[in-house]
Amino acid sequence: NREYKDNLFVYLFGNEKYKRFTLELYNAINGTAYTDEDEVEITTLEKVVYINVKNDVSFLLSGKMNFYEHQSTYAPNIPVRMLIYSARVYDRYIHERKYNVYGKTRYELPVPKCVCFYNGVQDMDDRVIMKLSDSMSGEDKGDIEVKVTAVNINSGHNPEIMKASKTLGDYSLFVENVRKYSQETDNLKKAIDKAIKDMPEDSEVGEILRNNRAEVVSMCLEEYTQEYVNELHQIELERASEALKAEKTRADQAETRAGCAEAELARYREKYGILD
């Protein structure tokens with residue numbers, strides 16, 4: 001088993017022990033009805049193999065290589081990251097099967113499907129298509145494209161997916177409660193404990209959270225602390241951007257006023273015949 005120092009999303013949907021959740025989520029996203037969790041082959045990159053390159057969840061199922069990322073903050077560069085993750089995963093897939101990509105045989109590869117599950121505090125539509133080409137300047141967007149479907153999993157969004165994947169719905173509920181309770185207390189650990197306690201009794205996710213409370217609290221403390229840091233960083237960037245805009249506006253206004261004053265002075269000198 002992997003050493004779960006990741007986030008709760010990875011713990012639930014990228015875990016060999018819970019492949020039934022991965023299968024359920026795949027069915028919810030794709031409108032399919034697969035039932036055999038043994039068909040799910042987890043392909044997530046490990047840090048020990050690919051230093052500093054680790055995706056959240058990737059798995060092979062029914063001829064598709066699925067890349068699932070979870071984001072609690074707005075991430076416009078997710079297509080770039082998906083490009084890197086997918087290249088590494090396909091590289092390993094090819095080497096494990098001893099395919100000779102320099103030979104004359106054309107090999108069939110699994111179809112890549114990229115999904116980003118978003119539950120940040122910024123507003124976002126139910127589904128947004130993000131493209132690698134959006135990061136390319138100019139009219140020529142090049143020859144490589146990566147498309148990522150960003151799915152909003154906050155409360156009130158994509159109810160059909162939440163209904164089809166109760167695990168995802170319960171995960172979303174837990175995250176929402178952690179945020180709500182953290183606004184009521186300065187103690188994040190207490191907020192996480194209360195969110196675990198308030199999970200519905202019939203929730204399998206709730207049972208897992210209660211049975212693995214110490215591990216879950218540790219993961220969430222790191223995850224939500226980092227989320228808070230990211231939010232502060234984003235706020236600082238937005239404030240800095242606004243300050244630069246305001247400064248530019250003031251400079252433009254000052255330049256305009258100076259130009260007007262100079263023109264007025266020139267007219268005055270011309271009118272009264274004043275020479276320099």
Side-chain angles (χ1 to χ4, degrees), residues 4-15 18 21 25 28 56-57 68-78 81 115-128 130 150-243 246:
Y4 281 93
K5 294 180 181 178
D6 297 291
N7 54 51
L8 184 57
F9 182 89
V10 177
Y11 184 81
L12 292 173
F13 297 106
N15 193 332
Y18 302 133
F21 296 157
L25 183 56
D56 277 352
V57 178
Y68 286 0
E69 291 294 304
H70 163 263
Q71 291 294 317
S72 56
T73 53
Y74 177 66
N77 294 311
I78 196 69
R81 287 161 47 190
V115 182
C116 176
F117 297 89
Y118 172 80
N119 68 340
V121 295
Q122 290 181 269
D123 190 34
M124 192 186 87
D125 292 338
D126 277 11
R127 291 198 183 207
V128 176
M130 308 173 72
V151 179
N152 192 337
I153 58 172
N154 281 304
S155 177
H157 292 272
N158 289 299
E160 70 288 348
I161 294 177
M162 300 298 191
K163 182 178 180 181
S165 175
K166 189 175 188 303
T167 308
L168 184 66
D170 287 348
Y171 165 77
S172 177
L173 173 64
F174 173 73
V175 172
E176 182 181 1
N177 283 341
V178 170
R179 285 183 177 147
K180 180 172 68 175
Y181 298 151
S182 65
Q183 293 175 354
E184 301 171 358
T185 175
D186 292 333
N187 191 320
L188 181 57
K189 183 177 181 300
K190 286 184 178 180
I192 296 169
D193 279 329
K194 180 172 173 54
I196 293 174
K197 181 181 178 182
D198 287 354
M199 290 296 291
E201 288 295 327
D202 63 345
S203 167
E204 190 173 2
V205 171
E207 183 180 356
I208 291 171
L209 299 183
R210 288 187 287 270
N211 292 339
N212 300 274
R213 181 182 296 271
E215 188 175 8
V216 169
V217 169
S218 177
M219 277 190 298
C220 291
L221 279 172
E222 182 174 351
E223 179 182 357
Y224 291 114
T225 300
Q226 184 60 48
E227 177 183 329
Y228 178 68
V229 170
N230 289 342
E231 283 190 31
L232 286 182
H233 181 61
Q234 184 63 34
I235 291 172
E236 288 175 359
L237 288 177
E238 290 174 356
R239 286 176 177 172
S241 177
E242 290 300 320

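Throughout, residue positions are numbered sequentially from 1 according to the sequence presented.
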How about I196 and R210: do any of their side-chain heavy atoms sit closer than 4.5 Å? yes
Would you check if Y18 and V205 make a side-chain contact, meaning some heavy-atom pair closer than 4.5 Å?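 Heavy-atom side-chain distance check fails, nothing below 4.5 Å.
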Run the side chain to side chain contact (heavy atoms under 4.5 Å, CB included) check on Y118 and V128 step by step: do they pass? CA-CA 10 Å; Y118 172 80; V128 176; over 6 Å; no
Does the side chain to side chain contact (heavy atoms under 4.5 Å, CB included) test come out yes or no for C220 and F174, once each step is laid out? CA-CA 11 Å; C220 291; F174 173 73; 3.8 Å; yes
Provide the closest heavy-atom pair for [X] versus [Y] in the form atom of the first, atom of the second, distance.
X: M162; Y: H157; answer: CG-O, 3.9 Å
X: I161; Y: A28; answer: O-CB, 3.9 Å
X: D56; Y: H70; answer: OD2-N, 2.9 Å
X: E176; Y: S155; answer: OE1-CB, 3.2 Å
X: P76; Y: M130; answer: CA-CE, 3.7 Å

Centroid-centroid distance, F13 to Y68, less than 6.0 Å: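 F13 vs Y68: aromatic centres not under 6.0 Å.
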Show the numbers, then the answer: is there a side chain to side chain contact (heavy atoms under 4.5 Å, CB included) between N177 and K180? CA-CA 5 Å; N177 283 341; K180 180 172 68 175; 3.8 Å; yes
Rounded to the nearest 0.5 Å, the NZ atom of K190 sits from the OH atom of Y181 at a distance of 15.0 Å
